[in-house]
2 protein chains.
Amino acid sequence: MKISELSRRTGVPVASIKYFLRQGLLPAGRATAATLAEYGEEHAQRLRLIKALTTLGGLSIAATRDVLGAVDQAHGVEGALGAVSYALPVPGVRPEEVSEGDATAGAEVTELLATLEWQVPGTSPHVKGLTAALKELRRLDAHYAPAELAAYARLAESVARLDLERAVGIDDPVSLAERAVVVLAVCAPVFELLRRLAQEDQVRRRVADAGDAGAVSPDQRRRV
Amino acid sequence: MKISELSRRTGVPVASIKYFLRQGLLPAGRATAATLAEYGEEHAQRLRLIKALTTLGGLSIAATRDVLGAVDQAHGVEGALGAVSYALPVPGVRPEEVSEGDATAGAEVTELLATLEWQVPGTSPHVKGLTAALKELRRLDAHYAPAELAAYARLAESVARLDLERAVGIDDPVSLAERAVVVLAVCAPVFELLRRLAQEDQVRRRVADAGDAGAVSPDQRRRV
DNA sequence: CTGTGTTGGATACTTCGAGTATCCAGCTAC
DNA sequence: GTAGCTGGATACTCGAAGTATCCAACACAG
């Protein structure tokens, strides 16, 4: 199909498609002449993925390019998930801002990983990100006790198990990588929304239990 | 203290402090003369919160203003959490983009909430956000089965319980609201990072189990 | 008392990301 | 054969988030 049809079918303006081509997010069509190229279904699919990443995932063009690059090179479950996981930024975390002199937070992360018996390389950007985040929490006087952190980590483990369930049974590498992107970029907001709703529900229950006072007394904390 | 000292103590440039004053993020100092104002410790604290929200939370100035406004008006656990929860955007979700004709996703959310017996008002922005996100997942051919969604929701419930544990025992309304902000804006990335690390760990284990093949066979899915 | 230097306030400017719009020459399809 | 796309390049717009400049009013050290 021509670019105009691609535009019509995906709802993306022609100028934007050209922009994505320029930015290397979308592979060029098969040129049939000096001023004509043919686009296929894979271009439409890629455009939909780009839209999902930038709108739902909230990614910048540069981040999207990195993720798509990882998708293109990935093969196999571990390759796809790993590449995408590393390329996909965690909102609100800038790993590059981790200085080296963060002894306390760094040790905290190392210890946590040891306690959990998680097998992750110390070079993972997520380790650096976690170190940065914990450091910031400490600076804000809101740091987690190791036990609290471990409790969250156990829940995160359960969530990750669910995540991976969704990846099995997909054979096509490209589909797999794209599914990985969706799981990471789009499902994270879903979980966050569920968390917020659960918070709302629990606050509501506690208020109902406590009557008009609105306070949460210790003996009611476990009733939910 | 004068603005220059406030700048020195927080590391925020004077020009930026003026910018935040202009934008209504920071209350004006107590004017001691036409060209002189006195700033207190609360200004420094507020500046630190602003920095945390914009950098770690990744919030825009406008969103930060909303959150701070909610913080200033909140009192009590439910007020603080509610106001902040509503004001704090979920990265990657634009609730205003939910059209009205989303029968399938809307019903899905309603049904989920009923199943979970969560008490949340249908007017909550998170309900709209969740509807939008599920709709997008469906469009991407990656929608959750109701049972999967419920499984995630149960985990979210556990996480929310941990979240609220951190809010009890704080009496000062302002501290409480600020803690709510930190829990929502800063801890969400922490959990996301833990989730990513857990994914890494599990992929690694599965690969180890499966040998060089790298594939995940059905009979190994449950071994982790 | 005087002049150096800071302050608040206003306004203008810069930078960056993310598109849009315009232009142009070549080609296609009616 | 010509009207109208097309690819490719370049220029423009727009908003967000600061920065920088300017100015009159004042503080306060000597």
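Just so we're clear, the structure is a prediction, and the values are computed from it rather than from any experiment. Note that these values count all heavy atoms, side chains included, but never hydrogens, waters or copies made by symmetry.
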With B:T64 via side chain to side chain donor-acceptor pair (under 3.5 Å) - residues at least two apart: none
Can you tell me the distance, in whole Å, between the CD atom of B:Q23 and the C1' atom of D:dA16? 10 Å
By side chain to side chain donor-acceptor pair (under 3.5 Å) - contacts of B:R46 (at least two apart): B:D72
Atom-to-atom span, CG of B:L26 to P of C:dG8 - whole angstrom: 11 Å
With A:E5 via side chain to side chain donor-acceptor pair (under 3.5 Å) - residues at least two apart: none
Find the distance B:I50:CD1 to D:dA16:P and express it as a whole number of Å. 18 Å
When you check the gap from the basic side-chain N to the acidic O, do A:R161 and A:E165 get nearer than 4.0 Å? no
Below 3.5 Å between N/O atoms, which protein atoms pair up with nucleotides 2-8 of chain D? Just atom names and distances, please.
| residue | atom | partner | partner atom | Å |
| --- | --- | --- | --- | --- |
| D:dT6 | OP1 | A:S4 | OG | 2.7 |
| D:dT6 | OP2 | A:S4 | OG | 3.4 |
| D:dG7 | OP1 | A:A37 | N | 3.3 |
| D:dG7 | OP1 | A:Y39 | OH | 3.3 |
| D:dG7 | N7 | A:K18 | NZ | 3.2 |
| D:dG8 | N7 | A:K18 | NZ | 3.3 |
| D:dG8 | O6 | A:K18 | NZ | 3.3 |

Donor-acceptor contacts under 3.5 Å from residues 11-35 of chain B side chains, at least two apart:
| residue | atom | partner | partner atom | Å |
| --- | --- | --- | --- | --- |
| B:Q23 | OE1 | B:R65 | NH1 | 3.4 |
| B:T32 | OG1 | B:L36 | O | 3.3 |

State which residues pass side-chain contact (heavy atoms from CB on, under 4.5 Å) with B:S60; sequence neighbours excluded, sorted by chain then number. B:A62, B:A63
ring-ring contact (aromatic ring centres under 6.0 Å, His included) contacts in which one or both residues fall within residues 28-60 of chain B, not counting sequence neighbours: B:Y39-B:H43
Would you tabulate the pairs of protein nitrogen or oxygen atoms and nucleotide nitrogen or oxygen atoms of nucleotides 17-20 of chain C closer than 3.5 angstrom?
| residue | atom | partner | partner atom | Å |
| --- | --- | --- | --- | --- |
| C:dA18 | OP1 | A:I61 | N | 3.2 |
| C:dA18 | OP2 | A:I61 | N | 3.3 |
| C:dT20 | OP2 | A:S16 | OG | 2.5 |
| C:dT20 | O4 | A:R22 | NH2 | 3.1 |

Under the side chain to side chain donor-acceptor pair (under 3.5 Å) test, residues paired with B:S124 that sit two or more places apart: A:E200
